[in-house]
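Note on naming: letters A, B, ... go to the chains in the order of the sequence lines (proteins, then strands), and numbering restarts at 1 for each one.
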Protein chains: 2
Amino acid sequence: MGDDKRLRDAAEKLALILAQGGMQKTTARVMTCLLFSQQETLTAADLCTELQISSGAVSGAVKQLAPSGLLERVPAPGSRRDHYRFPDGAWATLMSQQNQLLATMGEVADQGLAAAGDPSTPAGQRMAEMRDFYSFMLRELPPLIERWRTDFTAKQANQETHQAD
Amino acid sequence: MGDDKRLRDAAEKLALILAQGGMQKTTARVMTCLLFSQQETLTAADLCTELQISSGAVSGAVKQLAPSGLLERVPAPGSRRDHYRFPDGAWATLMSQQNQLLATMGEVADQGLAAAGDPSTPAGQRMAEMRDFYSFMLRELPPLIERWRTDFTAKQANQETHQAD
DNA sequence: CAGAGTATTCACAGATCTCTGAAACTTCTG
DNA sequence: CAGAAGTTTCAGAGATCTGTGAATACTCTG
């Protein structure tokens with residue numbers, strides 16, 4: 001990745017954006033480093049030298065990213081080191097996980113509605129709107145993501161076909 | 001709001017969820033306090049006593065929430081105090097603002113694609129997928145939100161009609 | 001236009017978070 | 001199975017963030 005300054009800049013820029021959105025700064029940097037790297041995979045040592053951070057920091061970032069599907073360990077034949085990669089379809093995975101949040105918001109709204117008692121009270125009305133909104137989103141978003149997955153896979157298959165011609 | 005423990009609990013619970021998602025803890029508490037309140041509006045003093053925080057903290061939270069459309073000042077006839085409210089349609093507004101983020105992600109991907117040069121390189125492929133995903137979402141999400149707005153407004157109008165019968 | 005009632009700002013104390021560096025632990029290899 | 005290579009854990013230092021409380025700035029009212 002050290003091979004192109006523009007890529008590195010873009011990586012750090014995105015890391016900053018993600019950090020402002022709540023992601024840990026180092027975690028974000030590790031993620032964008034993998035995302036913008038011209039190598040297929042990076043090792044922990046690569047990340048240390050590239051980002052100037054300790055191995056402990058890398059370990060921590062990996063522990064956060066892996067369960068979210070934003071980083072995957074790649075079997076590394078012939079190397080004792082772990083190899084990491086930004087997975088295909090990670091963005092879709094990420095957005096799918098937001099659905100969990102949508103569901104939670106809906107549940108909270110339900111509980112609030114029950115607690116408010118009468119839906120015509122101020123709190124009751126707010127809860128009703130909240131519940132309506134989140135159940136709507138929870139119904140509509142997953143199919144949308146699924147559609148992207150399908151479309152994108154098809155698009156890729158097409159490209160490969162044309163390439164082979 | 002002090003009138004129902006369940007509402008208060010739900011409020012604090014949601015605040016906690018939002019805080020874990022990156023929102024400032026006090027800001028989240030102010031927001032959920034307004035959301036779950038049985039009063040139409042709350043004053044800064046109300047928030048202070050309800051949440052046991054200083055006026056400075058309230059001021060700070062308001063400054064964060066208002067520009068995001070998660071809190072609005074309500075003209076308070078006959079009262080010198082500011083009155084605050086959780087606005088109608090705030091959730092939709094909030095999600096619409098996410099679109100700005102989607103756009104930014106797309107732009108970063110574009111820049112990355114340009115920097116990667118060849119779209120067949122590892123970085124190039126990742127960028128291409130990223131761009132595809134975010135431009136897809138940016139195309140599909142706003143109409144979806146708009147649809148909810150329309151549906152919900154219609155639904156409310158309906159209810160009022162039936163109520164009036 | 002003076003003054004009371006509010007809102008906002010700000011320096012600082014306290015809490016929280018996060019990375020480092022080293023030690024402990026794992027897992028391969030010879 | 002001993003030792004090398006690599007990863008994870010952890011205590012503690014340092015940085016960052018955040019709320020308080022008091023001072024400041026507004027803004028109505030009489």
| field | Distance, rounded to the nearest Å, where B/R81 contributes CZ and C/dT6 contributes P | value | 4 Å

| query | Rounded to the nearest Å, what distance is computed from the CD1 atom of residue A/I53 to the P atom of nucleotide D/dG14? | reply | 20 Å

| query | If only atom types and distance count, is the side chain of A/E129 paired as donor or acceptor with the main-chain N or O of B/G89 below 3.5 Å? | reply | yes

| Short N-O contact, B/D9 and B/K5, less than 4.0 angstrom | yes

| Between D/dA5 and A/R80, is there an OP1 or OP2 to side-chain N/O distance shorter than 4.0 Å? | no

| Which value, rounded to the nearest 0.5 Å, describes the distance between B/Q100 atom CD and B/L138 atom CG? | 9.0 Å

| request: Please identify each residue that fulfils side chain to side chain contact (heavy atoms under 4.5 Å, CB included) with B/M127, with sequence neighbours left out. | output: A/L35, A/F36, B/L113

Using the 3.5 Å cut-off, write out each protein N or O paired with an N or O of nucleotides 8-12 of chain C and the distance between them.
residue : atom : partner : partner atom : Å
C/dT8   : OP1  : B/R73   : NH2          : 2.6
C/dT9   : OP2  : B/K63   : NZ           : 3.2

| task | Looking at every strand, decide which applies to A/Q52 at a 4.0 Å heavy-atom threshold: base, sugar-phosphate, or nothing. | result | sugar-phosphate

| field | Whole angstrom value for the distance that separates P of C/dC19 from CG of A/L47 | value | 14 Å

| query | For B/L34, does its backbone N or O pair with a side-chain atom of A/R126 as donor and acceptor, under 3.5 Å? | reply | yes

| request: Figure out the CD/P separation between A/Q64 and C/dC17, and round it to whole Å. | output: 12 Å

| field | Distance in angstrom units between A/L51 CG and C/dT20 C1', rounded | value | 15 Å

| query | Okay, side chain of B/S96, backbone of B/A92: is any donor-acceptor separation there less than 3.5 Å? | reply | yes

| request: Please state how far atom CD in B/Q20 lies from atom P in C/dT16, giving the value in whole angstrom units. | output: 15 Å

| Among all residues two or more places apart in sequence or in another chain, which pass the salt bridge (charged side-chain N to carboxylate O under 4.0 Å, His left out) test with A/R81? | none

| note | Counting only Watson-Crick and G-U wobble pairs with both atom distances below 3.5 Å, the stems of 3 or more consecutive pairs that include DNA chain D are C:1-30 with D:1-30

| Within the 6.0 Å centroid threshold, strictly below: B/Y134 and A/W148 | no

| Residues from residues 22-31 of chain A sitting under 4.0 Å of DNA chain C, heavy atoms only? | A/Q24, A/T26

| message | Donor-acceptor check, side chain of B/D110 to backbone of B/E107, threshold 3.5 angstrom: yes or no? | response | no

| query | Between A/D151 and A/K155, is there a side-chain N and carboxylate O pair less than 4.0 Å apart? | reply | no

| query | Does A/R6 have any salt bridge (charged side-chain N to carboxylate O under 4.0 Å, His left out) partners at least two apart in sequence or in another chain, and if so, which? | reply | none

